[in-house]
Amino acid sequence: MWISLMLIDKILQKIDEIMRIINISASSIDFVADTSYKTMSVTLNMKFNQQLVPFNDNSDSLVVRPYLYTKINKVSFHLSDTMHVDGNFSDYCQLSGF
């Protein structure tokens, strides 16, 4: 299975919508993808860049504000709803051009 830059961009846009609430933008996130042909899998890591914020309310100077640390694991992304696919999902993906 392949992962495209367009798919990563769509994921990034969704993350951006959620993270605007906590004042983090999509430009603050980079993706690093490590693919394996042997296992046909991809490890997708998100890297949060430094957060730059105005020094004060009327300042054009920016300072680095560190993010709070948190650890997230065991996250699953469902690229398609397999509940509505009859038969083997892999066959469905191949027939659909994925």
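Side chains are part of it too, since the values below use all heavy atoms of this structure and drop only hydrogens, waters and symmetry mates. Note that the structure is predicted; figures quoted are calculated from it, not measured.
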Could you check V63 against L52 for side-chain contact (heavy atoms from CB on, under 4.5 Å), going step by step and ending with a plain yes or no?
CA-CA 5 Å; V63 295; L52 300 174; over 6 Å; no
Yes or no on side-chain hydrogen bond (donor to acceptor under 3.5 Å, both in side chains) for N45 and K47, after CA distance, side-chain angles and deciding distance?
CA-CA 6 Å; N45 292 302; K47 177 183 173 252; over 6 Å; no
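Side-chain atoms of P54 and L62, non-hydrogen and from C-beta on, do get closer than 4.5 Å to each other. Annotation: side chain of D34 is not in contact with side chain of V42 (no heavy-atom distance under 4.5 Å).
Transitive grouping of hydrophobic side chains (ILVMFWY, heavy atoms separated by less than 4.5 Å) brings F55 and V53 into a common cluster.
Remark: N56 engages N58, S59 in a side chain to side chain contact (heavy atoms under 4.5 Å, CB included) (not counting sequence neighbours). Annotation: side-chain hydrogen bond (donor to acceptor under 3.5 Å, both in side chains) contacts of S61 (sequence neighbours excluded): none.
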